[in-house]
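For clarity, every value in this text was computed on a predicted model and none was experimentally measured. Note: hydrogens, waters and symmetry copies are ignored here, and every other heavy atom, side chains too, is used. For reference, positions follow the sequence shown, starting with 1.
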Amino acid sequence: STGDTRALRFDGTVVESFRNDSLLVTQRYSMAVVAGTETFQITYEDGGSAFDVQMAELRADTLILTDPCCDGFTSKYVRD
């Protein structure tokens, strides 16, 4: 942990990423349900993310993003 506060704002087809209330990147995305699961695949279109694709799960007020296998990190975002 870096001690930073991170936030994501999804709005229609655009996602904004913040660190310590400062906007880092705005990019377009699309989302599709992975058949037979409760998982979504998020595809980022503008190259502003470290990865082109992430897997996502929504559990109550928590968004869980999983990076591709080469990295393997999982990030959790809790709704305010």
Leu65 vs Ile42, side chain to side chain contact (heavy atoms under 4.5 Å, CB included): CA-CA, chis, key distance, verdict: CA-CA 9 Å; Leu65 296 177; Ile42 300 175; 3.9 Å; yes

Step-by-step side chain to side chain contact (heavy atoms under 4.5 Å, CB included) determination, Gln41 to Met55: CA-CA 5 Å; Gln41 178 176 301; Met55 303 310 288; 4.1 Å; yes

Start with the C-alpha distance between Gln54 and Asp67, add both sets of side-chain angles, then the distance that settles side chain to side chain contact (heavy atoms under 4.5 Å, CB included), and finish with yes or no. CA-CA 5 Å; Gln54 281 185 309; Asp67 294 343; 2.6 Å; yes

Applying side chain to side chain contact (heavy atoms under 4.5 Å, CB included), run through Glu16 and Asp11 and close with a yes or a no. CA-CA 8 Å; Glu16 297 174 319; Asp11 185 14; over 6 Å; no

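Partners of Phe10 by ring pair (Phe, Tyr, Trp, His ring centres under 6.0 Å), not counting sequence neighbours, listed by chain and number: Tyr29.
Taking all atoms of both residues into account, the shortest heavy-atom contact from Thr26 to Leu23 is OG1-CD2, 3.7 Å.
For the atom pair CD of Glu57 and OG1 of Thr62, the computed distance is 11.0 Å after rounding to the nearest 0.5 Å. Annotation: the span from Gln27 atom CD to Thr13 atom OG1 amounts to 11.5 Å, rounded to 0.5 Å. Interatomic distance, Arg19 CZ to Thr5 OG1, rounded to the nearest 0.5 Å: 11.0 Å.
Hydrophobic clustering, with ILVMFWY side chains joined whenever heavy atoms are under 4.5 angstrom apart, groups Val33 together with Val15. Leu58 and Val34 fall into different hydrophobic clusters, defined by Ile, Leu, Val, Met, Phe, Trp and Tyr side-chain heavy atoms under 4.5 Å apart, directly or through other members. Taking hydrophobic clusters as Ile, Leu, Val, Met, Phe, Trp and Tyr residues chained together by side-chain heavy-atom distances below 4.5 Å, Leu63 shares a cluster with Met31.
Side-chain contact between Arg6 and Leu24 is present, with heavy atoms from C-beta onward closer than 4.5 Å. The shortest side-chain heavy-atom distance between Asp52 and Tyr44 does not fall under the 4.5 Å cut-off.
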